[in-house]
Protein chains: 2
Amino acid sequence: MIDRLLMKLRARDEISADEEEALRAAVGEIVRHPADVTFIPAGKLLHSSTLLIEGLIARYKDLSNGERQITELHVPGDFADLHSFTLKFLDHSIMTVTPSVIVQVPHEKLQAITENHPHLARVLWFMTNLDAAIHREWVVSLGRRSALKRTAHLFCELQLRLGIAGLATERGYALPITQTVLAECLGLTSVHVNRVLKELRERGLVEFRSGRVTILDLPTLRRLAEFDPAYLYLDKRPR
Amino acid sequence: MIDRLLMKLRARDEISADEEEALRAAVGEIVRHPADVTFIPAGKLLHSSTLLIEGLIARYKDLSNGERQITELHVPGDFADLHSFTLKFLDHSIMTVTPSVIVQVPHEKLQAITENHPHLARVLWFMTNLDAAIHREWVVSLGRRSALKRTAHLFCELQLRLGIAGLATERGYALPITQTVLAECLGLTSVHVNRVLKELRERGLVEFRSGRVTILDLPTLRRLAEFDPAYLYLDKRPR
DNA sequence: CGCGGACTTGATGTCCCTCAAGCCGCGTGG
DNA sequence: CCACGCGGCTTGAGGGACATCAAGTCCGCG
């Protein structure tokens, strides 16, 4: 059940059998949500963190004019709100993008981990810092990259992150989301996302159709996006 | 020396005398840097974290065309790279924006804190999560707010964050940076920042001149920016 | 006194938004 | 079985926000 989490962690650091056991012992029962459900509203007091097992979920903020900005897209193996352990409530909401399977990890179990497994605690801290690194890359994309490069960059990021979880190859991956959701990630309108997707397709770089990303030319796609995976910290050194 | 850090922490949680002592014992010697110096380049292996005592420093990423995006602006009392404790190296660089005074906190001292002061460790973890929350708000600004609102929002954010450190009032604060640096925070050109500043001034909301932000009408400024300070977590509850 | 960096302003250009229409696939119900 | 509605996708025309290019001003400093 926590296999994808372990894959994600072990892509960055050693996790002992003992630590693995501690993680397994920490997870609660399985919960299923249909698509498009906000299951954690901003500001709500939280007592557990959400580990995504299957599906796609998004962190987002609403604006007064009804627009929405997604601040991070989560893939299986991600903690969607590990940071709620120290924050207690969130400044943003969390919704399912596709039908999803999650498990809850009570904060008291996390607390126990911080007390009994200092290295694992550091790894968990690292995971929240990894989210922050992803945020920073999105800041750069939104601030300085054109719509085309920004979209290409997101496809590159998801290819790597899903790849770690065993859910993507160099050829592509399932991404069953609408162009509107994509637009909410990219700070664009769905109309413009549509035009950008057309151009990426016509350039022979990547195709996004019927819930699937098909990568046609990864090297060129990465060059276009100026994609440097360093921010995903996919090296293995002690944390 | 770490007074502003303590102010920042105590705006969010109780810090015991014991914990205060542990923090004081952790800081190394004082270092001074002139303005506009990158003292932590991206990718460099780090063995200590940087606490800003005086001045302004920025986290930023360079792009291939020579442009730059600042991902966070740090004020006195902020750790600029507390996250390097778990990341080991950074995905971005850190530079001084104004002449600055910093102290280094060796990672081994942070490690000792995590082992001997679990609550303080949680507070430090919280601090890195607070940075992530600020990143998210910048994502929202860059993705969905107009240049005018975005600029107003940044002035509101800095007013609060500097206020906690005792460096701002409701009337304004020192911000000795150029319009170009402001533009690098806001994902704009300095030319357009200039026009935006003019409009904010003419609307009677805020004035930015000769290194100082003078707030003329804080309530209206906040309303324009749709500024909701929840993301700065300025309530006091146990972490 | 002259130089350079920061700021300011105007003219023009472009990227992306807005508005609008049409299409397609799918589920629902007569 | 087809009509219809609806959400998602697609495309065109026009507009607006911000970028680019280009001067020119202001001011501190050697």
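None of the values given here were measured: they were computed from a predicted structure. Throughout, a chain's letter reflects where its sequence line sits, starting with A, and its residues are numbered from 1.
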For B:Tyr60 and B:Glu72, test the side chains for any donor-to-acceptor distance below 3.5 angstrom and give the result as yes or no. no
Return a single string for nucleotides 13-30 of chain D, one symbol per nucleotide in 5' to 3' order, where B is base contact, S is sugar-phosphate-only contact and - is none, cutoff 4.0 angstrom on heavy atoms. B----BSBB---------
For D:dT11 and A:Lys198 - does any side-chain N or O of the residue sit under 4.0 Å from the phosphate oxygens OP1/OP2? yes
Who passes side-chain hydrogen bond (donor to acceptor under 3.5 Å, both in side chains) against A:Arg68, sequence neighbours left out? A:Glu184
A:Arg212, CZ: over 12 other non-hydrogen atoms inside 6.0 angstrom: yes
Whole-Å distance between D:dT11 C1' and A:Gln179 CD? 12 Å
For B:Phe89, what residues pass the ring pair (Phe, Tyr, Trp, His ring centres under 6.0 Å) criterion, not counting sequence neighbours? A:Tyr233
Could you state the CD-C1' distance from A:Glu199 to C:dC16, rounded to the nearest angstrom? 13 Å
Between atom CZ in A:Arg209 and atom P in C:dG25, what is the gap in whole Å? 11 Å
Evaluate the ring planes of A:His135 and B:His135, with Trp represented by its six-membered ring, and classify them as parallel (under 30°), tilted (30 to 60°) or perpendicular (over 60°). perpendicular
Value in whole Å for how far the P atom of C:dC7 lies from CG of B:Leu197: 9 Å
Heavy-atom side-chain proximity of A:Leu52 to A:Val75 below 4.5 angstrom: no
Between B:Asp36 (CG) and C:dG5 (P), how many Å, whole number? 12 Å
With respect to the phosphate group of C:dC7, does any side-chain polar atom (N or O) of B:Asn194 fall under 4.0 Å of OP1 or OP2? no
Using atom CZ of A:Phe208 as one end and atom P of D:dT10 as the other, report the distance to the nearest whole Å. 10 Å
